[in-house]
Amino acid sequence: MASSCDAIVIGAGPAGLATAAALEARGLKAAILEKSGAVGAVWRRHYDRLHLHTDRARSALPGLEIPKACGRYPSRAHVVEYLEAYAETFALKPAFDAPVHAVRRDGRAWRAEAGENSRTAPIVVVATGSAGYPHVPAWPGMDEFGGPILHSSVYRNPAPFTGKRVLVIGCGNSGAEIALDLAEAGVDVTLAVRGAVNVIPRELFGVPILAWGLAGRLFPARIADIINAPLLRFAIGPIEKLGLKRSPKGPLQAIEEDGRVPVIDIGTLDAIRDGRITLRGEVTSFARDSAVFRRSPPERFGAVILATGFRPDLRALLPDAKGVLSATGAPLVSGKATAEPGLFFCGAIPSAIGQFRQIGVEAVSIAEAARPLRAA
Ligand SMILES: Cc1cc2nc3c(=O)[nH]c(=O)nc-3n(C[C@H](O)[C@H](O)[C@H](O)COP(=O)(O)OP(=O)(O)OC[C@H]3O[C@@H](n4cnc5c(N)ncnc54)[C@H](O)[C@@H]3O)c2cc1C
């Protein structure tokens, strides 16, 4: 039988931990259900070289600084240690190996179905992230391609690609960094970029880019982009000369209107400039040993990495919820009340202030909104 509590939090990543801590701080008993065996499961399996692209000072969750010893841009391992410390500091004890299969209405409460870990509560916070929903486009001929085709979420390091010609498809933060990782290891790498991009530096005049982004929030996104444009152009240079197309919308407007996060450049542009990364345009199909491009001749590759992003679809998880998901199953709002009383999402929508920071803001506002809903 499902045991009860004030709130159920699904997921023990940054969003689940921050929300549970915020709820507990307001006297609500939160049960965290995590499908894997540890907190920060997704950060444990990100690629080896990953460091936060946002700076330590602006990436901490509420109530606990990231230690100075982690440096300005903490490594993946530092982030895992930090999340472990966060759970310990706030005495959060998730139920592990507890995948939630569905969240259903149970009278005025919600029931999270997770076998023997099932729980019922008036409040449920979905903090399941996007890692479980890799987007893998279907190209003609993909099945015939002889080499491996893998999603960026399973890429770890360049070792398996030594001696191969590798095609990385997609120029978001993962694609740009994985291409750089391969190039730095001496792998022959091509980056296929279909559309226009926003590229920003990690720092501007020694100040982390997030600090500039936060200052820009004094203005509407479009105006802040206009103000920042000359500085960004100065810092990044004319990306059109490298063969990239600049997005017609600035970085802040693109996040706000389309949820498109800019690429934070940590060396990819230099690698394109000096020829260690080759740029190509849109891929239209595959053959046995090659990729076919829309505007250039087919080329042979030994492996393909799809840095094509994630498309969370929560329809199966939330079969009873009405008016909270888009037609494709993405949450419509995050960090505040939804159309379903007691149901919240945390960290579900990209933000201009950095996702860790946004998660912290949302965790607190969810806890405030949830407080009056606690079990009588
Ligand atoms: C490569 C990469 C680099 C990033 N770098 C930065 C950065 O530098 N700065 C920044 O601010 N943001 C960054 N982000 C974005 C974001 O901050 C992280 O993705 C962050 O981990 C999101 O936290 P989350 O808790 O929402 O999701 P996750 O970290 O994905 O955690 C979700 C948790 O929910 C669990 N779960 C999922 N489904 C279920 C279920 N049905 N039942 C039970 N448990 C479930 C998962 O196992 C997981 O533990 C990065 C993202 C990626 C992919």
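Position 1 is the first residue of the sequence; numbering continues from there. Whatever order the structure lists ligands and atoms in, that order sets their numbers, starting from 1.
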> According to ring-ring contact (aromatic ring centres under 6.0 Å, His included), who are the partners of F301, at least two apart in sequence or on a separate chain?
none
> Could you identify which residues cluster with L180, counting Ile, Leu, Val, Met, Phe, Trp and Tyr as linked when any side-chain heavy atoms lie under 4.5 Å apart, either directly or through a chain of such contacts?
I266
> Please test F356 against L210 for side chain to side chain contact (heavy atoms under 4.5 Å, CB included), starting from the C-alpha separation and ending with a verdict.
CA-CA 11 Å; F356 269 86; L210 208 50; over 6 Å; no
> For W110, is the NZ or CZ atom of R104 found under 6.0 angstrom from the centre of its six-membered ring and inside 45 degrees of the ring axis?
no
> Write none if no such pair exists; otherwise list each N/O atom of ligand 1 with its protein N/O partner under 3.5 Å and the distance.
| residue | atom | partner | partner atom | Å |
| --- | --- | --- | --- | --- |
| ligand 1 | 8 (O) | H53 | N | 2.6 |
| ligand 1 | 8 (O) | T54 | N | 3.3 |
| ligand 1 | 9 (N) | T54 | OG1 | 2.8 |
| ligand 1 | 11 (O) | Q355 | N | 3.0 |
| ligand 1 | 11 (O) | F356 | N | 2.8 |
| ligand 1 | 21 (O) | W43 | NE1 | 2.8 |
| ligand 1 | 25 (O) | P14 | N | 3.2 |
| ligand 1 | 25 (O) | A15 | N | 2.8 |
| ligand 1 | 41 (N) | V100 | O | 3.0 |
| ligand 1 | 42 (N) | V100 | N | 2.9 |
| ligand 1 | 44 (N) | K35 | N | 3.0 |
| ligand 1 | 47 (O) | E34 | OE2 | 2.6 |
| ligand 1 | 49 (O) | E34 | OE1 | 2.7 |
| ligand 1 | 49 (O) | E34 | OE2 | 3.2 |

> According to side chain to side chain contact (heavy atoms under 4.5 Å, CB included), who are the partners of V193, at least two apart in sequence or on a separate chain?
C171, L191, V197, L244, L279
> Carefully, step by step, assess F345 and T128 under the rule side chain to side chain contact (heavy atoms under 4.5 Å, CB included).
CA-CA 9 Å; F345 301 96; T128 47; over 6 Å; no
